[in-house]
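Heads up: the structure comes next, in structure tokens.
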Amino acid sequence: GLDFCLGVDIGRMGGDDTVFVIYEKRKELLIQRDKEIWKETTLDKIAYHIIDLDRLWHFRKIYLDNGGIGIGVYDMLVNSPGFGKKRVIGVNNSEVVIEYLPDGKEKKRRWMKEEIYTNLKVLMQQRKILIFSDNETWLSLKGVQYEYLHMRKGVMLKIDSPDHKTSHIAEATVRAALFAKEKH
């Protein structure tokens, strides 16, 4: 009767880490249960590992990057028996979401990244998420920076990590934190 999700930031070769974070949801509280960091690996090993983790944890949702190299893992999982698009959620944080007014004019433009990081920030402020208190995790979260960019269409929030090598845990965590929005 426990409720688990998996957040994954997919790296591959060339120094990018792959991070798996597992969270349990208890009412409105998300509790981190596990974290794995893999150095250089291949996409098929990542997909098979997610399938193995699912056998152990029985995830309700799996959130992973479906942009760039992550699309390969996403495709493998969505087409695996017992998975599908209802359980495997692609979170492409470079996607732009545009809302329009009834007359067709652009109302608001935002990055998906803005939305997922804001969700994590709110959960942390409301003390609705318990995250491992280790140096790696907090270094990753503290390394995330934001700035407001004044653009022709208004102000946009830009979220980035200057040291990309430390951002992988934060990226997996923001994806898993989307589980807080799931209705049961």
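Positions are given from 1, in the same order as the sequence printed here.
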Report task. Mark yes or no for whether Arg87, through its side chain, and Gly82, through its backbone, hold a donor-acceptor pair below 3.5 Å. Result -> yes

Query raised in the report: Is the shortest heavy-atom distance from the side chain of Ile50 to the side chain of Leu77 under 4.5 Å?
Result: yes

Requested in this report: Quickly, which of Ile71, Asp75, Thr18, Ile10 forms a side chain to side chain contact (heavy atoms under 4.5 Å, CB included) with Leu43? Name it, please.
Outcome: Ile10

Query raised in the report: So, Arg175 side chain and Glu171 main chain: donor-acceptor pair closer than 3.5 Å or not?
Result: yes

Query raised in the report: Salt bridge between Arg26 and Asp3, side-chain N to carboxylate O under 4.0 Å?
Result: no

Report task. Check whether Met124 and Val174 end up in the same hydrophobic cluster, where Ile, Leu, Val, Met, Phe, Trp and Tyr are linked by side-chain heavy atoms less than 4.5 Å apart. Result -> yes

Query raised in the report: Where do Asp17 and Trp38 land on the side chain to side chain contact (heavy atoms under 4.5 Å, CB included) test, with the steps shown first?
Result: CA-CA 6 Å; Asp17 294 341; Trp38 285 14; over 6 Å; no

Query - Shortest non-hydrogen contact from Leu120 toward Ala177 - result: CD1-CB, 4.0 Å

Query raised in the report: Side chains of Asp9 and His168: donor-acceptor distance under 3.5 Å anywhere?
Result: yes

Requested in this report: Please answer: with hydrophobic residues joined when any side-chain heavy atoms are less than 4.5 Å apart, are Val122 and Ile116 in the same cluster?
Outcome: no

Query - Thr41 vs Ile46, side chain to side chain contact (heavy atoms under 4.5 Å, CB included): CA-CA, chis, key distance, verdict - result: CA-CA 7 Å; Thr41 189; Ile46 295 167; 3.6 Å; yes

Report summary line: Heavy atoms of Gly90 and Tyr74 approach each other most closely as N-CE1, 3.6 Å

**Report entry** Where Ser140 and Ala170 come nearest, the two heavy atoms and their spacing
**Finding:** OG-N, 2.8 Å

**Report entry** Derivation and outcome, side chain to side chain contact (heavy atoms under 4.5 Å, CB included), residues Ile131 and Leu141
**Finding:** CA-CA 10 Å; Ile131 300 172; Leu141 291 168; 4.1 Å; yes

**Report entry** Phe83, CZ atom: more than 12 neighbouring heavy atoms under 6.0 Å
**Finding:** yes

Query raised in the report: Would one find more than 12 heavy atoms of other residues, nucleotides or ligands at under 6.0 Å from atom CD of Glu36?
Result: yes

Query raised in the report: Do Leu2 and Ile31 share a hydrophobic cluster, counting only Ile, Leu, Val, Met, Phe, Trp and Tyr and linking them when any side-chain heavy atoms are less than 4.5 Å apart?
Result: no

Query raised in the report: Does Glu182 offer a backbone N or O that forms a donor-acceptor pair with the side chain of Lys25 under 3.5 Å?
Result: yes

Report task. Taking the side chain as every heavy atom from C-beta outward, state whether Glu24 and Leu30 have any atom pair closer than 4.5 Å. Result -> no

Query raised in the report: Does the side chain of Leu130 come within less than 4.5 Å of Gln32's, by heavy atoms?
Result: no

Query raised in the report: Backbone N or O of Phe59 within a donor-acceptor pair of the Asp54 side chain at under 3.5 Å?
Result: yes

Query - Validation row: Glu136, Lys35 side chains within 4.5 angstrom (heavy atoms) - result: yes

Report task. Please answer whether the main-chain N or O of Met76 pairs with a side-chain N or O of Ser80 as donor and acceptor at a distance below 3.5 Å. Result -> yes

Requested in this report: With side chain to side chain contact (heavy atoms under 4.5 Å, CB included) as the test, would you mind laying out the steps for Asp134 and Trp138 before giving the verdict?
Outcome: CA-CA 6 Å; Asp134 61 75; Trp138 290 108; 5.9 Å; no

Report summary line: Heavy atoms of Tyr23 and Ala176 approach each other most closely as CD1-CB, 3.6 Å

**Report entry** Option passing side chain to side chain contact (heavy atoms under 4.5 Å, CB included) with Trp57 (candidates Leu6, Asp34, Ile62, Asp52)
**Finding:** Asp34

Query raised in the report: Do Thr137 side-chain atoms and Ser133 backbone N/O form a donor-acceptor pair below 3.5 Å?
Result: no

Report task. Quick one: pull up CD1 in Ile89 and CG in Asn66 and give me the separation to the nearest 0.5 Å. Result -> 10.0 Å

Query - Distance-minimising heavy-atom pair for Ile129 and Leu29 - result: N-CD1, 3.8 Å

Query raised in the report: Side-chain contact, heavy-atom cut-off 4.5 Å: Val8 with Tyr63?
Result: no

Query raised in the report: Any idea how Phe20 and His49 line up, ring-wise: parallel (<30°), tilted (30 to 60°), or perpendicular (>60°)?
Result: perpendicular

